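Both counts, for ligands and for their atoms, begin at 1 and track the order of listing. This one's a predicted model, so the numbers in the text were calculated from it and none came from an experiment.
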Amino acid sequence: MEKLTIKDVDLKGKKVIMRVDFNVPIKDGKITDETRIKAALDTIQYTLDKGAKVILLSHLGRPKGEKNPQFSLKPVADRLDELLNNKVYFVDETRGPKVEKAVSELKDGEVLLIENTRFEKGETKNDPELAKYWASLADLHVNDAFGTAHRAHASNVGIANYIPSVAGFLMEKEIEFLQKAVENPEKPYVVILGGAKVSDKIGVINNLLNKADKILIGGAMMFTFLKALGKNVGSSLVEEDKLNVAKDILENAKAKGVEIVLPVDTVIAQKIEAGVEKKTVKIDDGIPEGWMGLDIGPESVSLFKEKISDAKTIVWNGPMGVFEMDDFAFGTEEVAKAIAEVTKKGCISIIGGGDSAAAAEKFGLASEFSHVSTGGGASLEFLEGKELPGISSINEKKKLNERKFILAGNWKMNKTNTEAAEFVSKLVGQIKTEDKFEVIVCPPFTALEKVRDITSSSNIKVGAQNAYYEDKGAYTGEISVNMLRDIGVEYVILGHSERRHIFQESDELINKKLKKVISSGLTPILCVGEQLEEREKGLTFNVVERQIKEALYGLTEEEAKTIIIAYEPVWAIGTGKVATPNQAQEVHKFIRDLLKDIFNEEFAKKTTILYGGSIKPNNYLGLFGKPDIDGGLVGGASLTEDFVELANIMKEIIE
Ligand SMILES: Nc1ncnc2c1ncn2[C@@H]1O[C@H](COP(=O)(O)OP(=O)(O)O)[C@@H](O)[C@H]1O
Ligand SMILES: O=C(OP(=O)(O)O)[C@H](O)COP(=O)(O)O
């Protein structure tokens with residue numbers, strides 16, 4: 001699934017809270033590497049140019065929830081003000097009256113940076129209250145902090161539970177390049193790993209062993225491999241407890257036909273110090289005691305260059321030597337130049353963040369690569385195939401797939417016949433679905449025929465809010481399915497929580513109604529959902545499972561295949577308390593898995609599962625952006641023009 005980006009949503013006049021990664025090195029109050037600030041400029045400027053008010057969030061360093069001037073973002077605000085075409089306001093707080101006042105005074109096209117998010121204890125704990133507070137400042141969250149994506153913190157992950165979250169351009173680009181490197185790299189695919197420790201890169205190696213053709217190993221981590229092969233590595237940096245891991249990797253690679261390339265010579269010295277005596281030795285001759293390898297040697301550079309020369313995809317993570325010192329920078333610089341060279345010939349080159357990116361900057365080669373990641377740990381974890389919380393919390397684009405997307409309005413006991421006719425006439429003129437999704441309105445029984453007449457030539461369909469299971473007879477107050485079908489009604493809501501809890505409808509009665517609706521050729525919308533006390537006791541899945549199984553009892557896959565299910569947590573219906581996107585997605589996923597168990601995977605995949613419960617335009621994108629939420633069963637918001645806005649949101653994000 002692809003992520004929603006700022007290009008997919010309307011930004012004009014919106015308050016946008018944007019998480020960026022301005023975690024930049026600062027020495028004596030001066031920013032020593034502004035790569036991360038520059039990497040965020042396009043997203044910030046685009047959002048401002050679209051007429052949004054922008055509130056920027058970032059962390060800096062690890063101040064452990066304390067307000068520490070050494071980690072203030074003020075120097076970043078000053079530099080950002082110079083780099084952007086717009087004025088940058090800064091407030092030296094992370095929440096409270098000063099922040100709220102500054103936000104309220106923002107005009108369209110203006111930007112405010114608030115203080116370091118990690119001055120808040122709740123940030124790294126992903127505290128819901130803090131996340132909800134920051135969400136309350138805005139209409140939309142933009143996540144452009146790829147460097148922080150491996151952290152589940154309040155400002156980048158928790159906040160997405162309360163307002164829609166979309167990707168910025170940097171996040172989009174990072175995902176695009178790294179996903180390509182992990183999923184379908186063009187071959188030959190060469191991975192170059194270096195840096196200090198094997199332990200940091202084991203995950204990457206094991207994950208990429210399934211994709212790469214060659215893995216070149218330099219940096220200090222090469223000595224663990226060389227020692228595992230019985231070489232004498234002197235006092236070089238070795239992880240003694242990883243020797244067997246190295247052996248396993250070498251054997252695994254051989255079994256998979258992946259070529260592991262180790263250096264054949266190394267530059268050695270007796271200590272890591274500039275200007276110290278150094279010499280080059282062949283690995284096979286061994287490194288004398290007291291000497292350590294601090295860079296790969298010239299023969300290794302030639303060997304690595306030869307291995308790189310025909311690559312179509314290269315991922316590089318970790319320097320070849322102690323590149324911070326010119327004495328030991330040769331290997332890293334030469335490998336970087338070789339990658340740049342082959343990039344010119346069309347190879348896709350991706351540089352993992354951290355020290356590899358710093359090395360690329362140091363040698364002035366950063367612009368020679370296809371992509372230089374702004375995240376060290378984040379790109380590493382991505383390459384390991386891990387799910388990054390700061391990416392999974394971003395709303396997904398919805399692609400037309402094997403199941404219908406539906407926006408249904410349950411009007412309940414609202415609107416007289418005249419009011420219904422007037423309102424639905426407006427809807428017919430305003431709602432355009434572009435055949436991407438279905439719209440259903442479910443007025444009271446008294447207005448059904450009128451509404452059906454008005455909508456008959458439109459793309460709006462009509463549903464009833466209930467039906468009885470007998471065809472006719474002494475059932476005062478009831479309406480039969482045939483009567484509904486006779487006036488062109490196509491859908492019937494069954495088992496709504498108000499039917500269950502106010503009118504005491506049992507699972508057994510709902511099962512009878514469901515069978516009748518299906519056998520009459522109408523489409524049922526079966527509502528399920530737990531009450532607050534059931535959720536608080538951890539019984540949500542038990543309740544939903546019982547309701548679904550009882551409702552479907554005795555129905556074959558063929559009979560049940562048209563069913564639409566609506567998950568409506570009772571505690572969210574009409575209360576203004578909406579389930580968070582993650583809460584809703586969790587239950588939707590459970591329902592889909594349950595349908596797979598009851599019937600099969602195909603049935604589960606094809607079943608539309610709607611969410612219902614206090615849906616509003618400001619929370620719908622976050623909900624609908626979840627993979628197993630296929631639309632909404634809308635209450636209060638279906639009685640006003642909000643319903644049109646909900647339809648527009650769906651139209652915008654369904655591809
Ligand atoms: N042969 C070596 N001996 C000691 N340290 C090394 C050696 N080669 C590289 N290093 C050090 O490894 C560090 C980078 O390692 P690491 O943090 O794993 O890289 P990255 O951040 O790119 O993943 C650099 O500070 C570099 O000086
Ligand atoms: O610098 C960062 O990570 P990185 O050093 O792995 O690139 C990110 O800003 C995350 O910072 P953190 O590692 O303090 O959570």
For ligand 1, is there an atom lying under 4.0 Å from some heavy atom of Gly352? no

In the protein, what heavy atom is nearest to atom 23 (O) of ligand 1, and what distance, to one decimal place, separates them? Lys201 NZ, 3.0 Å

Ion pair present between Glu115 and Lys74, side-chain N to carboxylate O less than 4.0 angstrom? no

Can you tell me which residue and heavy atom of the protein come closest to atom 11 (O) of ligand 2, and the distance to 0.1 Å? His59 NE2, 3.3 Å

With a cut-off of 4.0 Å, which atoms of ligand 1 are near a heavy atom of Gly293? 1 (N), 2 (C), 3 (N)

Residue, atom name and distance, where the atom is the protein heavy atom closest to atom 27 (O) of ligand 1: Glu324 OE1, 2.7 Å

NZ/NE/NH1/NH2 to OD/OE distance under 4.0 Å, Asp310 and Lys214: yes

Before signing off on this row, confirm whether Gly375 and ligand 2 have an N or O atom pair separated by under 3.5 Å. no

Heavy atom under 4.0 Å from ligand 2: found in Arg118's side chain, backbone, both, or neither? side chain

Note: heavy atom closest to atom 6 (C) of ligand 1, options Leu237, Val267, Val322, Asp355, belongs to Val322

Please determine if Phe323 has a nitrogen or oxygen closer than 3.5 Å to a nitrogen or oxygen of ligand 1. no

Electrostatic pair Glu66-Lys64, nearest N-O below 4.0 angstrom: no

With a 4.0 Å heavy-atom cut-off (strictly under), which part of Arg36 contacts ligand 2: side chain, backbone, both or neither? side chain

Side-chain donor-acceptor pairs under 3.5 Å in residues 152-162, sequence neighbours left out?
{"from": "Ser155", "atom 1": "OG", "to": "Arg19", "atom 2": "NE", "distance (Å)": "2.8"}
{"from": "Ser155", "atom 1": "OG", "to": "Glu123", "atom 2": "OE1", "distance (Å)": "3.2"}
{"from": "Ser155", "atom 1": "OG", "to": "Glu123", "atom 2": "OE2", "distance (Å)": "2.5"}
{"from": "Asn156", "atom 1": "OD1", "to": "His153", "atom 2": "N", "distance (Å)": "3.0"}
{"from": "Asn156", "atom 1": "ND2", "to": "Thr148", "atom 2": "O", "distance (Å)": "3.3"}
{"from": "Asn156", "atom 1": "ND2", "to": "Arg151", "atom 2": "O", "distance (Å)": "2.8"}
{"from": "Asn161", "atom 1": "OD1", "to": "Asn582", "atom 2": "ND2", "distance (Å)": "2.9"}

Per the side-chain hydrogen bond (donor to acceptor under 3.5 Å, both in side chains) rule, what does the pair list look like for residues 353-368, sequence neighbours excluded? Asp326-Lys362

When you measure from atom 7 (C) of ligand 1 to every protein heavy atom, which one gives the shortest distance, and what is it? Ala220 N, 3.4 Å

Which residue and non-hydrogen atom of the protein lie closest to atom 9 (C) of ligand 1, and at what distance in Å? Gly321 O, 3.2 Å

Arg62, any N or O under 3.5 Å of ligand 2 N or O: yes

